Amino acid sequence: MLKMRGFHILFFALFICFSCHQEEVSSNCTTSPGLQELSSFPIGIAVDMDFLDFDPEYERLLNQQFGQLTPGNIFKPSNLQPAEGQFYFDEADRLLAYADLNGKALHGHTLLWHQQLPQWMEDFEGSPAEWEAMLKNHIQSVVGHFKGRLRAWDVVNEAFDEDGSLRETIWKQHLGASYIEKAFRYAHAADPDALLFLNDYNLALSPRKRRAMFDLVKDFQRRGVPIHGIGLQMHISLSFPSDAEIGDCLKDASQLGLPIHLSELDISVNPLARNITFDENLAQRQARKGAYVLSAYQKVPAALQYGITFWGLSDRDSWIPSYFGRDDYPLLFDRDYQTKPMYCQFKALLNP
Ligand code: G3I
């Protein structure tokens with residue numbers, strides 16, 4: 001009995017000791033040097049052109065902190081081919097020129113998705129051969145336009161449902177499951193040097209979805225279908241997925257032997273859309289979650305670290321508040337472009 005009590009006291013003491021070692025992370029760390037300078041792999045953001053064009057502080061921080069840019073919207077089919085056969089590259093070219101001028105890599109996002117399609121594509125009528133010609137023309141015109149100038153493409157985005165079945169997109173409906181393989185082959189033919197990614201979300205939270213996607217990747221690898229990387233979107237929150245689920249997902253992904261992109265990282269602090277204040281407690285919990293994600297990624301073999309992309313720069317340009325109609329604070333900088341503890345935590349871990 002005494003032994004048991006001793007054990008409980010020891011356990012309690014260890015617990016207290018562990019809790020007190022979760023050091024507070026400050027939000028006041030210097031922004032120079034930027035994150036990219038400290039990192040051996042690319043660190044980037046999804047770029048919003050309105051902010052890049054009209055908000056000098058956004059542009060300054062983007063340029064100072066990040067080495068890789070993903071267009072948040074302007075490379076999607078609704079932007080690049082708004083009318084059938086009429087391609088609009090002006091804005092995309094402008095972003096590419098900005099990236100070139102400032103020494104940033106560009107990650108193309110995305111060739112095929114079920115959202116942000118132009119109406120004419122959604123309404124397209126034709127035989128399977130005509131659908132394939134339409135898909136081929138979009139992919140090859142777009143990839144061909146940027147040939148040799150982009151690091152990589154998200155070829156197909158969000159192809160799976162949560163239960164692991166293929167999502168019923170217009171592509172699947174008209175071309176069957178093989179549309180994914182076709183997309184990769186056409187993209188590769190148009191730019192053999194570009195890395196081609198399959199990108200999806202909830203892969204840590206949903207093992208069935210992950211298994212289905214990774215099985216497809218393995219099948220492509222066996223049959224020589226050109227696939228060069230996987231994108232694990234990381235739209236996560238403080239509690240879900242758990243750290244262990246994120247770790248398992250990264251371990252599984254590493255076994256594929258392909259570069260891994262943590263492609264759309266943001267950490268929601270208000271997934272249940274409550275009335276909240278973003279206080280120090282939430283900021284610290286967010287920093288700890290971010291620290292877990294980064295340290296798990298740092299354990300991935302260096303050759304597979306394609307990079308980490310935040311889905312936005314600051315809480316001001318995050319897609320989450322407007323998309324879900326709720327208050328949220330998911331990114332590295334606050335709405336006044338001040339650093340948050342998560343930013344300082346990233347700095348500390350990149351530069352131990
Ligand atoms: O272009 C119009 C503009 O003219 C208008 O003034 C403005 C008013 O709200 O809306 C603009 O369109 C919005 C567009 O973003 C550009 O800001 C759309 O309404 C809005 O729905 C669209 O949201 C984008 C969303 O994809 C669409 O599903 C987000 O910005 C973009 O960050 C988000 O990104 C996706 C990834 O591509 C794939 N993974 C999920 C991720 C989050 O949904």
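Bear in mind that the values here come from a model prediction, so they are computed numbers and not experimental data. Sequence positions, counted from 1, serve as the residue numbers for this chain. Read the numbers this way: they start at 1 and go in the same order the structure lists the ligands and their atoms. When reading the values below, keep in mind they use all heavy atoms of this one structure, side chains included, and skip hydrogens, waters and symmetry mates.
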Q) How long is the gap from CE on Met342 to CG on Leu331, to the nearest 0.5 Å? A) 6.5 Å
Q | Inter-residue atom distance Ser206.OG - Phe160.CZ, 0.5 Å rounding | A | 11.0 Å
[atom]: which protein heavy atom is closest, and how many Å away?
atom	result
atom 36 (C) of ligand 1	His109 NE2, 3.4 Å
atom 16 (C) of ligand 1	Asn73 ND2, 3.4 Å
atom 25 (C) of ligand 1	Gln116 OE1, 3.9 Å
atom 26 (O) of ligand 1	Lys76 NZ, 3.3 Å
atom 28 (O) of ligand 1	Gln115 OE1, 2.6 Å
atom 40 (C) of ligand 1	Glu264 OE1, 3.3 Å
atom 34 (O) of ligand 1	Trp311 NE1, 3.1 Å

**Q.** Test of ring centre spacing under 6.0 Å for Phe346 and Phe310
**A.** yes
Q: On the 0 to 90° scale, with breaks at 30° and 60°, tag the His109-Trp113 ring pair as parallel, tilted or perpendicular.
A: tilted
Q.
Is the ring pair Phe278/Tyr329 parallel, tilted or perpendicular, if the boundaries are 30 and 60 degrees?
A. parallel
Q) Within the side chain of Ser314, is there an N or O that forms a donor-acceptor pair under 3.5 Å with the backbone of Arg316? A) yes
Any protein heavy atom < 4.0 Å from [atom]:
atom	answer
atom 43 (O) of ligand 1	yes
atom 38 (C) of ligand 1	yes
atom 2 (C) of ligand 1	no
atom 21 (O) of ligand 1	no
atom 12 (O) of ligand 1	no
atom 8 (C) of ligand 1	no
atom 18 (C) of ligand 1	no

Do the side chains of [X] and [Y] get close enough for a salt bridge, i.e. N-O under 4.0 angstrom?
X	Y	result
Arg208	Glu162	no
Arg94	Asp90	no
Glu181	Arg185	yes
Asp327	Arg274	no
Asp200	Arg210	no

Q) What atoms of ligand 1 come closer than 4.0 angstrom to any heavy atom of Gln233? A) 39 (N), 40 (C)
Q: Below 4.0 angstrom from a heavy atom of Asn157, which ligand 1 atoms are there? Numbered from 1 as shown, please.
A: 38 (C)
(Q) Regarding ligand 1, does Trp113 bring an N or O atom to under 3.5 Å of one of the ligand's N or O atoms? (A) no
Q. Should Glu158 be counted as touching ligand 1, given the test is an N or O pair under 3.5 Å?
A. yes
Q: Give a yes/no on ligand 1: does Tyr201 have at least one heavy atom closer than 4.0 angstrom to it?
A: no
Q: Sort out for me which residue in Tyr323, Phe324, Trp319 forms a ring pair (Phe, Tyr, Trp, His ring centres under 6.0 Å) with His235.
A: Trp319
